[in-house]
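Computed from a prediction, not measured in an experiment: that's the story for all the values here. Every heavy atom of this structure was used, including side-chain atoms; hydrogens, water molecules and symmetry mates were not. Per chain, numbering begins at 1; letters A, B, ... match sequence-line order.
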Amino acid sequence: MNIYADFHHRIAAILETIVASGRLPAELDLNRFVVEPPRDPSHGDLAANAAMVYAKEAKASFSNPRQLASEIAFALAEDQDVASAEVAGPGFINILLKPEVFGRILRRALELGADFGKGAAKAAGKVNVEYVSANPTGPMHVGHGRGAVFGDALANLLEFSGADVTREYYINDAGAQVDVLARSAHLRYREALGEAIGDIPEGLYPGDYLKSVGATLAARFGDSLLERPETEWIEQARAAAIEGMMAMIRDDLAALDITHAIFFSERSLTRGEAGDQVAAAIAALRADGLVYEGRLPPPKGQPAEDWEDREQTLFRSTAFGDDVDRPLLKSDGGYTYFASDIAYHKTKIDRGFALLIDVWGADHGGYVSRMRAAVEALSHGRASLDVKLCQLVKLMRAGEPVKMSKRSGDFVTLREVVDEVGRDAVRFMMLFRKNDAPLEFDLAKVIEQSKDNPVFYVQYAHARARSVLRQAHVSIPEHRLTTAAFEEADLGLLVDPGELHLIKLVAQFPRVIEAAAGAHEPHRLAFYLHELASALHGHWTRGKDQPQLRFLNEEMPNLTIARLALVKVLAGVLSAGLGVLGVSAPDEMR
RNA sequence: GACUCCGUAGCUCAGUUGGAUAGAGCAGCCGCCUUCUAAGCGGCAGGUCGCAGGUUCGAAUCCUGCCGGGGUCGCCA
């Protein structure tokens, strides 16, 4: 299905025969070369760099890479799918495929329908994608939204490529911040019972969103939590606050069509049925000799006034490439956040995940190497962790930055943005950028219905394709417009350069999915869809000047059916691709 | 000071994990609507890929050193 992977195999087979003839060494790594679409279309359909990659190994039997290339090209020319194979430049092998190969790909895409581009289930094992994991202390802001959309699209992408994916959210409900939240909620509780609370004191969360938590507490406990010391109500206040905040966060995520399969509570690590899992994780590391009591050098740079040189419990993360060993216990004896996180990641490993992906904000970048070290240590190398960092989002409106300040309380929440511009715009724009590059998000531009707005540009391409298919029903009998009829169409009639370009882009779809999934980079799919949309718009407009290029042509019914088959596949790829990104593919844009 | 991400057209950014003559959108200029949606398309112009070395058949991409910007830097999460 992926012709690039397919030809990689064929060329590898040719190399093997040369190995068998003794002119290349037996231990040749046949995965080192690539088969890819050449940048310049005049170079053919496929380009392989095998001869140059193996130039060193070939030195003994071939005087230069071109000689090896020409032997490979000669063998390839025998392939029934190859129109020509030529050596170019320093030793590229440029392959031109016979037209029927593309017809076959198109037919295959028709047969597979929505499954076209999907990968076969990989034996690599289960994948866990942890994303969002925003503290349950308030509404999500736009930065959280980027991580949320990125993680969700990545999970979709991995699933589409054949992986077994679990989406997970880690609730940070154990630290001092949630105690502050609980106190803030208790204040709102008193307010709900009719007390005048005045201004919210410094150090507590001022947001109105805690009012409903206060009301819940009042309804649930009446005034029974009123005249009591904090130790007697904080438990209840905390539970209600976290519950309320998580409900709000889930609601905000739902507005973006994001749902997690598992919400994992940090508190459950020490208070759950499994006992103290943090202690267990530390014990496991200690058993491997990776935990010790020792001292750390003071941090360089900014002088820390409260620095105190003391002996502490440390994880030997330097054994796995970290810069310094990391503390597991705080001075008050409690676990550090890192210790809890170690235990959390241990549960992921114990639950059988082979690949862990964490999506974090860029401000946590300094945390990556210690976490990777922990995963490597805990899993004894059987599981790997990839941390994807999402850079900041700069919110703009018509080119002017939108001021966001938490202090004045007028910061823009994710929900406000989604409500203003819509789920599709938020999702696509968040994905139309590499995750580790800062993102400018212009509220005015993303609702603009023009080619300046990539969301509409791609959706419009899909709508146009669907429009042609709708239009076809006016003049063409129903029985000729079935998928079966399309599969039987003479696709060899599609010879216009514009059509061929579109078909070749379609042929790249499985490769794009594979590459984007392998690199954990959903933005590659977004850019591919934009390119495909552009090719479709271009071909469409050419039909304005040259009516014979239009998809519908009443004088040539067989050609029309072949073209409609192409349009159907185009709509399918656009729809599937947008689906992976979590963006809708409307049938019309009116 | 250490670590990390970034630096590509005037602006916002891609660049297929090292490939051939570095691309797209905006902004600027010039064109294309009787006909499947002009919410679109075509063309022109625009570059020392931050700088300097190195690695090799080949570097925007990998390594080293500088310059500039963001982030982080025992006990917060």
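- Listed by chain and residue number, A/Tyr367 satisfy the ring pair (Phe, Tyr, Trp, His ring centres under 6.0 Å) test with A/Trp360 (two or more places apart in sequence, or in another chain).
- Taking atom P on both nucleotides, B/U56 is separated from B/U12 by 37 Å, rounded to a whole Å.
- The residue A/Asp325 sits apart from the nucleic acid: no heavy atom pair falls under 4.0 Å.
- In this structure, the side-chain contact (heavy atoms from CB on, under 4.5 Å) partners of A/Ala50, at least two apart in sequence or on a different chain, are A/Ile11, A/Leu15, A/Phe33, A/Tyr54, A/Ile72.
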Quick test: give all pairs of protein nitrogen or oxygen and nucleotides 75-77 of chain B nitrogen or oxygen below 3.5 Å, distance rounded to 0.1 Å.
unit_1: B/C75; atom_1: O2; unit_2: A/Ser331; atom_2: OG; d: 2.4
unit_1: B/C75; atom_1: N4; unit_2: A/Asp306; atom_2: O; d: 3.4
unit_1: B/C75; atom_1: N4; unit_2: A/Asp306; atom_2: OD2; d: 2.8
unit_1: B/A77; atom_1: OP1; unit_2: A/Ala176; atom_2: N; d: 3.1
unit_1: B/A77; atom_1: O2'; unit_2: A/Asn135; atom_2: OD1; d: 2.6
unit_1: B/A77; atom_1: O2'; unit_2: A/Asn135; atom_2: ND2; d: 2.8
unit_1: B/A77; atom_1: N3; unit_2: A/His364; atom_2: NE2; d: 3.3

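- In RNA chain B, runs of at least 3 consecutive Watson-Crick or G-U pairs, each pair with both distances below 3.5 Å, span B:1-7 with B:67-73, B:10-13 with B:23-26, B:28-32 with B:40-44, B:50-54 with B:62-66.
- Comparing the same atom, P, in B/A2 and in B/G42 gives a spacing of 50 Å after rounding to whole Å.
- Look at the P atom in both B/A24 and B/G1: the space between them is 42 Å, to the nearest Å.
- Checked against ring pair (Phe, Tyr, Trp, His ring centres under 6.0 Å), A/Tyr457 has the following partners two or more places apart in sequence or in another chain: A/His530, A/His537.
- Comparing A/Leu389 and A/Asp587 by the nucleotide of RNA chain B whose heavy atom lies nearest to each, the residue mapping closer to the 5' end is A/Leu389.
- Ion pair A/Asp358/A/Lys388 not flagged as a salt bridge, since none of the NZ, NE, NH1 or NH2 atoms sits closer than 4.0 Å to an Asp/Glu carboxylate oxygen.
- Taking atom C1' in both B/C32 and B/U8, the straight-line distance is 32 Å, to the nearest Å.
- Partner of A/Ile342 under the side-chain contact (heavy atoms from CB on, under 4.5 Å) criterion, chosen from A/Val278, A/Thr336, A/Ile282, A/Leu285: A/Leu285.
- Counting only residues at least two apart or on different chains, the salt bridge (charged side-chain N to carboxylate O under 4.0 Å, His left out) pairs with a member in residues 315-344 of chain A are A/Asp322-A/Arg326.
- Note: CG (A/Leu392) to P (B/C13) measures 12 Å, nearest angstrom.
- Residue A/Gly89 is the one, among A/Lys59 and A/Gly89, whose nearest nucleotide of RNA chain B lies closer to the 5' end (criterion: closest heavy atom).
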Report, one pair per line, the protein and nucleotides 6-12 of chain B atoms (nitrogen or oxygen only) whose separation is under 3.5 Å.
unit_1: B/U12; atom_1: O2'; unit_2: A/Arg433; atom_2: NH1; d: 3.3

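- For A/His523, counting side-chain heavy atoms from C-beta on, the closest listed nucleotide (B/G15, B/A20, B/U37) is B/G15.
- Atom CZ in A/Arg524 sits roughly 6 Å away from atom C1' in B/U17 (whole-Å rounding).
- Comparing the P positions of B/C11 and B/A27 gives a spacing of 15 Å, expressed to the nearest Å.
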Identify every side-chain donor-acceptor pair in residues 547-556 of chain A under 3.5 Å, counting partners at least two apart or on other chains, and give the distances.
unit_1: A/Arg550; atom_1: NE; unit_2: A/Gly543; atom_2: O; d: 2.6
unit_1: A/Arg550; atom_1: NH2; unit_2: A/Gly543; atom_2: O; d: 3.1
unit_1: A/Arg550; atom_1: NH2; unit_2: A/Lys544; atom_2: O; d: 3.4
unit_1: A/Asn553; atom_1: OD1; unit_2: A/Glu555; atom_2: N; d: 3.1

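- The side chain of A/Gln391 lies closest to B/G70 when the candidates are B/G70, B/C36, B/U17.
- Against the 90° criterion about 0, the sugar-base torsion of B/C36 places it in the anti range.
- Every residue two or more places apart in sequence or in another chain that forms a side-chain contact (heavy atoms from CB on, under 4.5 Å) with A/Asp436 is listed here: A/Lys434.
- Candidate nucleotides B/G19, B/G15, B/U37 were compared by shortest atom distance to the side chain of A/Met589, and B/U37 ranks first.
- A donor-acceptor contact under 3.5 angstrom links the side-chain atoms of A/Arg39 to the base of B/U16.
- Annotation: side-chain contact (heavy atoms from CB on, under 4.5 Å) contacts of A/Pro586 (sequence neighbours excluded): A/Gln459, A/Ser584, A/Met589.
- Separation of the A/Phe432 and A/Phe428 ring centroids falls under the 6.0 Å cut-off.
- One can place CD1 of A/Ile93 at 13 Å from C1' of B/G19, the figure rounded to the nearest angstrom.
- Nearest to the side-chain atoms of A/Asp363 among the listed nucleotides B/U37, B/C26, B/G71 stands B/G71.
- The ring of A/Tyr528 has its center closer than 6.0 angstrom to the ring center of A/Phe509.
- The side chain of A/Pro37 sits closest to B/U16 out of B/A20, B/C36, B/U16.
- A gap of 11 Å separates the P atoms of B/C63 and B/C6, to the nearest Å.
- Within the 4.0 angstrom heavy-atom criterion, no nucleotide atom of any strand lies near A/Gly361.
- Checked against B/C36, B/G19, B/U16, the side chain of A/Gln471 finds its nearest nucleotide in B/C36.
- B/G65 and B/G46 are spaced 33 Å apart, taking the C1' atom of each and rounding to whole Å.
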Atom pairs under 3.5 Å: protein N/O with N/O of nucleotides 27-33 of chain B:
none

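- At a non-hydrogen distance threshold of 4.0 Å, A/Phe527, A/His537 from residues 525-537 of chain A come into contact with RNA chain B.
- Between A/Phe264 and A/Tyr170, the ring planes are tilted. Angles from 30° to 60° get that label.
- Taking atom CG of A/Asp40 as the reference point, atom P of B/G15 lies 20 Å away to the nearest angstrom.
- Residue A/Arg464 has a polar side-chain atom (N or O) positioned under 4.0 Å from OP1 or OP2 of B/A38.
- Using a 4.0 Å cut-off between charged nitrogen and carboxylate oxygen, A/Asp45 and A/Lys504 count as a salt-bridge pair.
- A/Leu536 is not listed as a side-chain neighbour of A/Glu531, based on a closest heavy-atom distance of 4.5 Å or more.
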